[in-house]
Amino acid sequence: MAQNNNFKRSLSNNQIQLIALGGTIGTGLFLGVGGSIKKAGPAIILIYALVGFFLFLMMRALGELILSDLEKHTYTDFITKYLGERIGLSSGYLCWLAYITLAMAEMTALGIYFQFWFPKMPLWLPGTVTVLILLSINIISAKIFGNFEFSFAILKILTVLCFVAFITFMALFSKKTYFGAISLSNMYKYRGFFPNGLHGFLEGIQMAIFSFVGIEMIGFTACESKDPKKIMPKAINQMPIRIILFYILAILSILAVIPWNKIAISYSPFVQVLNVVGIKNSASFFNFVVITAAVSSTNSIIYSSGRLLFSLCYGREGRWNKTMGHISRNMLPQSALIFSTLMIALAPVLILLIGNDAFNFISAVTTSIFLLMWIIMLITHLVYVKTDRKDLTFKLPLAPFSDYVLIAFFSLVVLILLFLKSTRVPMLVAIVVSILLSFSLKLQDINFLKTKVKK
């Protein structure tokens, strides 16, 4: 696949760091964690720690790949190089589709957030308006995108930190709610740490993984950063701190206030906690923050999916590829950005078809597609390590052994999702879509060759 090196390197160190952080703090934490807690109970803490550890190692692998050749702008470029063009192209479109469904989930969640204030508002309305506004921002310049994301990320970080600090303060002074004392004893008081056994533990994995999808977005921003060799390692190595602060401590704070079996899943558990402790105005403020989190995540997705689609089409034959592989006068993949946004705007159709369970279904499909993508990316890193590894200071520790462990872990999660009734259909959808994508691209190649022969 032809490469294009014309993207501006206009994103600063702080912007890249916060874009990476924006990819890990979103709807999965602010809304989805409530459902995970209901399924797994306090054991959700262990699930997030386990998933976070393996995703940190995966990002070390992907970071090494990106830094080995900064002329390549996406992971699909590396997949093409080490696994072949057809696998690279089909994987690229699969990854693009994963981002589209992720944004659809965010937009569905946005409707749920707005219903906290306006119960009769249609779920599809807030998301539709939002994606149109974000598109206008993304087609101006990458620098404006970076400033926009920078502001959103700061708001999310400060809010979560204040939330954790506030609940810690109340626990230290033995404050009470109608659920009882604010205490970590809730972690074992209600049927123990594993109240729903192994099945409940496994049920909680899907949403935990969904909470982290998007962390690989830092790879897309590398080609537009001012110093990727310095910025990327720092952003990736800070992942453990982010996981502890923004997931584990936040969930511990929720469980300290509300018993796991009393947590609502119809709106954000963070908002529920603030309501329970009697600070209703703060609950409205936090609801505003989770809205900005969904908008922030969607903003990142529009940015990344547009560039990915551009990369897949750039330099290839055909009207579709020439349209989507075109760069505008302000050096942006404008056509790819617009088309990706229009696909995201189809979320209301799914909401109308599926109903109130749309968020759970879309998020499960997104998780399933990302799992398949991560496995392909790790296989790519494994081939790279065995055939073409560079002498870099930033490497995946213990590779290729750690590659095998990571591939085995994510493959096991795929099997778990196929085993569980609640995630079986979404996982099958992801597998079928992957097969159809590969088959359709093969037919496209055959038709292109026939046309070339006739000419």
Side-chain angles (χ1 to χ4, degrees), residues 21 24-53 113 116 153-196 200-201 204 207-208 211-212 238-293:
L21 188 56
T24 61
I25 303 176
T27 300
L29 174 63
F30 289 133
L31 179 64
V33 73
S36 297
I37 293 173
K38 292 287 282 189
K39 292 174 180 177
I44 193 64
I45 296 292
L46 182 58
I47 294 173
Y48 271 87
L50 182 67
V51 171
F53 170 75
Y113 297 148
F116 176 75
I154 288 177
L155 180 61
K156 287 189 288 186
I157 293 167
L158 291 177
T159 302
V160 173
L161 289 177
C162 289
F163 177 83
V164 171
F166 176 69
I167 300 304
T168 302
F169 170 82
M170 295 193 73
L172 290 175
F173 286 88
S174 302
K175 300 292 184 180
K176 293 184 178 181
T177 71
Y178 53 79
F179 287 120
I182 298 176
S183 170
L184 289 179
S185 62
N186 287 345
M187 298 287 289
Y188 56 83
K189 273 174 62 175
Y190 302 90
R191 293 167 34 205
F193 191 72
F194 292 90
N196 295 323
F201 183 85
M207 189 55 71
S211 300
F212 288 106
Q238 287 180 352
M239 272 190 64
I241 297 174
R242 296 201 294 267
I243 290 167
I244 292 172
L245 284 179
F246 296 101
Y247 283 89
I248 296 179
L249 289 183
I251 296 171
L252 281 173
S253 299
I254 293 170
L255 292 173
V257 177
I258 306 174
W260 69 270
N261 55 346
K262 302 295 183 181
I263 290 177
I265 59 175
S266 57
Y267 61 101
S268 173
F270 290 85
V271 174
Q272 185 185 3
V273 165
L274 293 174
N275 268 331
V276 166
V277 297
I279 311 180
K280 294 184 179 180
N281 291 334
S282 294
S284 289
F285 171 75
F286 206 103
N287 196 58
F288 167 76
V289 172
V290 298
I291 286 172
T292 64

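Using a 4.5 Å heavy-atom cutoff, the side chains of Y113 and V271 are not in contact. Within the 4.5 Å cutoff, the side chain of Y190 has no heavy atoms near those of the P195 side chain. Contact annotation: the side chain of V289 approaches that of T292 to within less than 4.5 Å [non-hydrogen atoms, C-beta and beyond].
The structure places CZ of F201 at 11.5 Å from OG of S36, a figure rounded to the nearest 0.5 Å. Atoms NZ and CG, from K189 and L255 in turn, are 12.5 Å apart once rounded to the nearest 0.5 Å. Rounding to the nearest 0.5 Å gives a distance of 13.0 Å between CG of L50 and CD1 of I45. Separation of atoms CZ (F194) and CD1 (I44) is listed at 11.0 Å; rounding is to 0.5 Å. Atom CG of residue N261 and atom CG of residue N196 lie 9.0 Å apart, to the nearest 0.5 angstrom.
Here the rule is side chain to side chain contact (heavy atoms under 4.5 Å, CB included) with F30, and of N287, I291, V160, T159 only V160 fits it.
A side chain to side chain donor-acceptor pair (under 3.5 Å) check over residues 37-52, counting only residues at least two apart or in different chains, returns the pairs Y48-S211.
P269 and V33 make their closest contact through CG-CG1, 3.6 Å (heavy atoms, listed as atom of the first residue, atom of the second, distance). Here the closest heavy-atom approach between residue I258 and residue V276 is recorded as CD1-CG2, 4.0 Å. In this structure, I248 and A49 approach most closely via the heavy-atom pair CD1-CB, 4.0 Å. Across all their heavy atoms, A208 and I47 have their closest contact at CB-CG2, 3.5 Å. The two residues L252 and L184 come nearest to each other via the heavy atoms O-CD2, 3.9 Å. Nearest heavy-atom pair across L31 and S268 is CD1-N, 4.0 Å.
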Exercise for review: Apply side-chain contact (heavy atoms from CB on, under 4.5 Å) to the pair F163 and V273, showing each step before the final yes or no.
Suggested key: CA-CA 10 Å; F163 177 83; V273 165; 3.8 Å; yes
Exercise for review: Tell me, with the steps shown, if W260 and N186 meet side-chain contact (heavy atoms from CB on, under 4.5 Å).
Suggested key: CA-CA 8 Å; W260 69 270; N186 287 345; over 6 Å; no
Exercise for review: Please test K175 against V277 for side-chain contact (heavy atoms from CB on, under 4.5 Å), starting from the C-alpha separation and ending with a verdict.
Suggested key: CA-CA 9 Å; K175 300 292 184 180; V277 297; over 6 Å; no
Exercise for review: List the steps, then state whether side-chain contact (heavy atoms from CB on, under 4.5 Å) holds for S253 with F270.
Suggested key: CA-CA 9 Å; S253 299; F270 290 85; over 6 Å; no
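Side chain of Q272 to backbone of K262: a donor-acceptor contact under 3.5 angstrom is found.
Other residues, nucleotides and ligands contribute at most 12 non-hydrogen atoms within 6.0 Å of the CZ atom of F288.
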